[in-house]
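By convention here, the first residue in the shown sequence is residue 1. Keep in mind it's a predicted model, so treat the numbers as computed, not measured. All values below were derived from every heavy atom in this structure, side-chain atoms included, with hydrogens, water molecules and symmetry-related copies excluded.
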Amino acid sequence: MIRYEIKQIKMFKGFEKLKDVQYVYTPFDSSLCGVKLEANNKKQYLLTGQILSDGKVLIHLCNYIEPWDDLSLSQKKSLNQRYQMGCGCKITTCYSVPCSITAPNECLWTDWLLERRLQGHQARHYACIRRSDGTCSWYRGGPPPEKEFMDISEP
């Protein structure tokens with residue numbers, strides 16, 4: 001394992017298990033899903049990972065790890081408000097057609113199908129959130145919706 005010493009600026013989730021993160025751990029090689037972070041230039045990252053039973057934070061290639069400056073404005077805003085509105089939702093990735101959702105609490109993620117990359121337009125500008133009727137759908141920009149919002153489609 002490689003241990004990176006980090007300076008935590010903000011924690012969005014998991015603070016009930018861990019108050020402050022000083023180190024993150026990752027396998028030593030990418031073939032073991034290890035992550036290489038640029039440690040020398042004080043680059044800021046958005047890191048997701050798992051909190052292990054011993055309190056260590058593990059990050060690997062299957063987690064979402066992105067330099068902070070590479071995040072879209074919508075993603076940065078969504079971290080504080082919109083993403084938590086989707087905690088009861090499931091995102092289903094569409095790799096090939098046909099694809100569809102199988103439950104009302106799912107959002108269909110089509111970046112791979114349309115752009116052949118996982119961090120495409122949908123991931124960078126939309127959030128999957130739960131609506132007041134319990135269903136989930138994609139929401140783009142603006143202030144977070146109040147209690148309800150409507151889907152608008154052309155006839």
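A pairwise comparison of heavy atoms in Tyr126 and Ser74 identifies N-OG, 4.4 Å as the closest pair. For Lys36 against Ile2, the heavy-atom pair with the smallest separation is NZ-CD1, 3.9 Å. When all heavy atoms of Gly134 and Arg130 are compared, the pair lying nearest together is O-NH1, 2.7 Å. The shortest heavy-atom contact between Met11 and Lys19 is CE-O, 4.1 Å. Taking each heavy atom of Ile59 and Thr26 in turn, the nearest pair found is O-OG1, 2.9 Å.
Separating the OH atom in Tyr64 from the OG1 atom in Thr48 is a distance of 9.0 Å, to the nearest 0.5 Å. Once rounded to the nearest 0.5 Å, the distance linking CZ of Phe12 with OG of Ser78 reads 10.5 Å. In this structure, the separation between CG on Leu108 and SG on Cys99 is 4.5 Å, given to the nearest 0.5 Å. Once rounded to the nearest 0.5 Å, the distance linking CG of Leu18 with CG of Leu52 reads 10.5 Å. Here the CD-OG distance, from Glu106 to Ser137, works out to 13.0 Å after rounding to the nearest 0.5 Å. Of the inter-residue distances, the one linking Leu32 atom CG with Leu61 atom CG reads 9.5 Å to the nearest 0.5 angstrom.
Looking at Tyr45, its side chain does come within 3.5 Å of a backbone N or O of Glu38 through a donor-acceptor pair. Side-chain N or O atoms of Asn63 include none that pairs as donor or acceptor with a backbone N or O of Ile65 at under 3.5 Å. Listed for the Arg124 side chain is no donor-acceptor partner under 3.5 Å among the backbone atoms of Gly120. Put simply, the side chain of Asp111 never gets that close to the backbone of Gln119: no donor and acceptor are under 3.5 Å apart.
Between Gln50 and Lys56 the shortest side-chain heavy-atom distance does not fall below 4.5 Å. Taking the side chain as every heavy atom from C-beta outward, Val21 and Ile6 approach each other to under 4.5 Å. Between Tyr25 and Tyr4 there is no side-chain heavy-atom pair separated by less than 4.5 Å. Here the side chains of Trp138 and Gln122 are in contact, with some heavy-atom distance below 4.5 Å. Here the side chains of Pro27 and Leu58 are in contact, with some heavy-atom distance below 4.5 Å.
Between the side chains of Gln75 and His125, no donor-acceptor pair is found at a separation under 3.5 Å. With 3.5 Å as the limit, one finds no donor-acceptor pair spanning the side chains of Trp68 and Asp70.
A disulfide bridge connects Cys136 to Cys89: their SG atoms sit within less than 2.5 Å of one another.
The side chain to side chain contact (heavy atoms under 4.5 Å, CB included) search around Asp20 returns Gln8, not counting sequence neighbours.
When hydrophobic side chains of Ile, Leu, Val, Met, Phe, Trp and Tyr are connected at separations under 4.5 Å, Ile9 ends up as a singleton with no cluster partners. Members clustered with Leu113: Val97, by chain and number, using a 4.5 Å side-chain heavy-atom cutoff among hydrophobic residues.
Placement of Ile51 and Leu47 within a single hydrophobic cluster is found when ILVMFWY residues are connected by side-chain heavy-atom separations under 4.5 Å, directly or transitively.
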Decide side-chain contact (heavy atoms from CB on, under 4.5 Å) for Arg140 and His121; before the verdict, give the C-alpha distance in whole Å, the side-chain angles of both, and the deciding distance to 0.1 Å.
CA-CA 11 Å; Arg140 178 186 167 106; His121 186 78; 3.3 Å; yes
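Under a cut-off of 6.0 angstrom, the local environment of OH in Tyr95 is sparse, with at most 12 non-hydrogen atoms contributed by other residues, nucleotides or ligands.
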